There are 2 protein chains.
Amino acid sequence: MDSAELRVFEAVARTGGMKRAADELHTVQSNITARIKALEDELGCALFERHSRGVALTHSGERLLPYARRVAWLLADARRAARDEGIPGGPLTIGSLETTAALRLSPLLASYAALCPEVDLALRPGTTAELIEAVLDRTLEGAFVCGPVAHPSLTERAMFVEELAVLAAPGIGSIETATQGGIARIVVLRRGCSYRQRLEALLAQRGVAVPRVMEFGTLEAIFGCVAAGLGISLLPRALIGPVWREGRVSLHTLPAPEAEVSTVFIHRREAYLSSALRAFLDHVAERALTTPSPRYP
Amino acid sequence: MDSAELRVFEAVARTGGMKRAADELHTVQSNITARIKALEDELGCALFERHSRGVALTHSGERLLPYARRVAWLLADARRAARDEGIPGGPLTIGSLETTAALRLSPLLASYAALCPEVDLALRPGTTAELIEAVLDRTLEGAFVCGPVAHPSLTERAMFVEELAVLAAPGIGSIETATQGGIARIVVLRRGCSYRQRLEALLAQRGVAVPRVMEFGTLEAIFGCVAAGLGISLLPRALIGPVWREGRVSLHTLPAPEAEVSTVFIHRREAYLSSALRAFLDHVAERALTTPSPRYP
DNA sequence: CATGGGGTATCTCCTTTAGAGATCGATCGG
DNA sequence: CCGATCGATCTCTAAAGGAGATACCCCATG
């Protein structure tokens with residue numbers, strides 16, 4: 001068995017057909033058939049059930065498929081490892097929660113880019129769940145997400161601790177005022193946002209029901225909606241600070257255990273750690289812990 | 001890049017020469033040269049420095065080598081995964097501390113062998129350090145060793161808790177009597193035996209020096225030597241029981257924290273879990289916790 | 001200093017393997 | 001029933017890989 005055979009196998013399994021796999025691999029169907037047959041002969045078991053509209057994996061095939069993927073990944077990592085001369089360079093795609101990006105990352109990314117000019121740095125926003133998925137998918141090399149994650153194939157490193165606070169319409173004196181009548185409308189950044197669950201949980205603990213959740217894709221939209229009295233939201237206090245000082249919203253602190261949320265940087269445990277990512281990790285870890293959190297009154 | 005090329009690369013790196021690798025791979029030197037050259041061209045960097053007595057890895061080669069090994073392992077696992085029909089079968093090589101084997105494994109292995117008659121079960125004794133090494137080397141699929149191990153690429157599962165006790169010549173009333181004069185000769189099973197360190201540590205804590213350590217390869221030899229007054233030893237109490245009842249040795253219990261030692265079963269985290277090993281794990285886990293530890297008076 | 005032995009690079013066959021293209025049979029939907 | 005789609009098989013051709021001979025390089029040795 002050979003990585004080339006597994007590449008063919010993987011393509012057939014993914015596309016569900018030998019013809020389709022042939023198109024994808026820029027060859028003809030007869031060759032795919034022959035190579036699958038050779039692989040099946042070697043293993044001594046059928047990998048696909050042939051149907052009139054394509055093929056389906058057998059149990060053996062199901063078991064083999066994850067290995068085929070891992071071999072392909074490992075070869076890609078091997079290539080990069082051999083070529084990587086230790087000078088950070090090449091593409092580096094990092095994910096981040098939008099709030100972390102807004103609050104913390106600009107100076108870090110700027111100084112990292114200055115330190116490693118050969119790196120093509122890209123930042124992709126998302127929710128914790130989306131970002132974890134993307135890191136596992138190998139779409140991202142790493143991401144800043146809400147911790148703790150505790151996934152067996154990811155390593156995580158605590159980077160920041162944020163203090164969350166509730167924001168409500170201006171003139172609201174307390175969280176209790178904002179949730180009068182035992183109901184509250186809440187405004188969150190996106191579906192699956194980690195702060196949403198947290199806000200719902202802490203409202204539930206106070207006996208407040210949440211009949212409506214509104215999603216807005218940008219922080220500015222949230223500030224605008226909260227200012228207009230459409231609902232309340234939960235965000236890092238440092239992010240609310242400037243808006244609060246302008247008098248656009250009211251800010252309500254929470255007791256420490258409810259307020260504190262840690263931001264961790266995750267990356268794949270087994271994956272090849274490129275020089276670019278290693279340098280990024282070192283750079284951020286050094287700055288993250290020494291840089292004071294942004295000040296607010 | 002391809003697994004076949006990496007196989008050639010790995011052989012050259014390991015044997016330190018293209019000629020030697022050619023012999024190992026049952027081909028001729030010219031082909032090895034050509035394939036290494038092709039691989040170097042593809043990667044765009046030299047993998048070996050050519051010398052008059054063979055070749056040596058460059059830095060790029062050093063970085064590539066672990067990946068070559070991992071690809072080979074992964075392909076072997078893939079083959080097994082595809083062939084494994086879920087019915088435990090094939091070879092299963094397990095390591096164990098000699099004391100655990102003597103005390104615990106016979107009924108477990110017997111019932112497992114009856115449950116999975118298609119499995120060719122093999123048991124290899126060794127010390128904790130040797131067994132961990134062998135599991136990491138892929139010589140063993142798993143092993144019973146002294147816990148905790150806490151190695152990042154191994155998973156461990158607690159299986160037994162043993163109560164250790166000191167054994168000394170018959171007629172010795174206490175550990176203090178046995179270590180009169182602040183010195184003690186100790187008898188251990190093998191170099192690197194985990195109980196040896198433990199015994200030395202607990203003697204050190206009592207201010208007892210250990211000028212001589214004797215090693216004997218079998219438990220019976222240890223009992224004989226201790227009985228003859230050559231030294232003291234530390235073993236699971238349940239193992240000493242029968243010998244003590246015969247009056248051949250004296251038995252001295254220890255306070256719980258010093259006495260208790262846990263036996264864990266380890267196996268590689270990332271490796272393919274064969275049906276045979278999975279069945280073994282389930283079988284042992286089920287029996288280990290329900291079977292009472294052997295009784296002693 | 002010449003020489004031999006162990007090692008790698010290169011060139012030339014030659015076998016084997018993989019790819020391309022045509023064709024056949026099976027199946028399913030209209 | 002017909003055409004579209006897909007997999008299996010056959011043949012031909014091109015490319016890759018293996019074998020063998022040889023050139024060259026370096027070092028130890030007499």
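Every chain is numbered from 1, with letters handed out A, B, ... down the list of sequences. Computed from a predicted structure; not experimentally measured.
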**Study point:** Candidates C:dC28, C:dT8, D:dA19 - which lies nearest the side chain of B:N31
**Key:** D:dA19
Exercise for review: Nearest whole angstrom, please: distance from the P of C:dG7 to the CD1 of B:I32.
Suggested key: 14 Å
Check your understanding: What is the distance, rounded to the nearest whole Å, between atom CZ of B:F48 and atom C1' of C:dG7?
Key -> 14 Å
**Study point:** Candidates C:dG5, C:dT8, C:dA20 - which lies nearest the side chain of B:R50
**Key:** C:dT8
Check your understanding: Once you round it to whole Å, what is the distance between P of C:dA9 and CG of B:L39?
Key -> 13 Å
Practice item. Record whether the side chain of B:S30 comes under 3.5 Å of the base of D:dG18 through a donor-acceptor pair of N or O atoms. Key: no
Practice item. In plain terms, say whether B:E10 and B:R14 are close enough for a salt bridge, that is, a side-chain N and a carboxylate O under 4.0 Å apart. Key: yes
Study note, to complete from the structure: Quick note, B:R35 side chain, CB onward, closest among D:dG18, D:dG7, C:dT10 is D:dG18
Check your understanding: Which nucleotide in the set C:dG21, C:dT10, C:dT8 lies at the smallest distance from any side-chain heavy atom of A:V28?
Key -> C:dG21
Practice item. Would you mind telling me which of C:dG7, C:dC28, C:dT8 lies closest to the side-chain atoms of A:S52? Key: C:dC28
Exercise for review: Give a yes-or-no answer on whether the side chains of A:T33 and A:Q29 include a donor-acceptor pair shorter than 3.5 Å.
Suggested key: yes
Check your understanding: Of the non-hydrogen atoms in B:A81 and A:R63, which two are nearest, and what is the gap between them?
Key -> O-NE, 2.6 Å
Review point. Can you tell me how far C1' of C:dG19 sits from CD of A:E5, to the nearest Å?
Key: 15 Å
Check your understanding: At their closest point, which heavy atom of A:L131 faces which heavy atom of A:R124, and how far apart are they?
Key -> CD2-O, 3.8 Å
Review point. In whole Å, what is the span from the CG atom of B:D23 to the C1' atom of C:dG7?
Key: 12 Å
Revision key, fill the gap. B:L47 CG to C:dT8 C1', in whole Å, measures 16 Å
Point to revise | B:Q29 CD - C:dT8 C1' separation (whole Å) | key: 5 Å
**Study point:** Integer-rounded Å distance: C:dA26 P and A:M18 CE
**Key:** 17 Å
Check your understanding: Which of these nucleotides, D:dG7, D:dC6, C:dG19, is closest to any side-chain atom of A:T27?
Key -> C:dG19
**Study point:** Residues A:S275 and A:D84: side-chain donor-acceptor under 3.5 angstrom
**Key:** yes
Point to revise | Contact under 4.0 Å: B:R20 side-chain N or O vs C:dG7 OP1/OP2 | key: yes
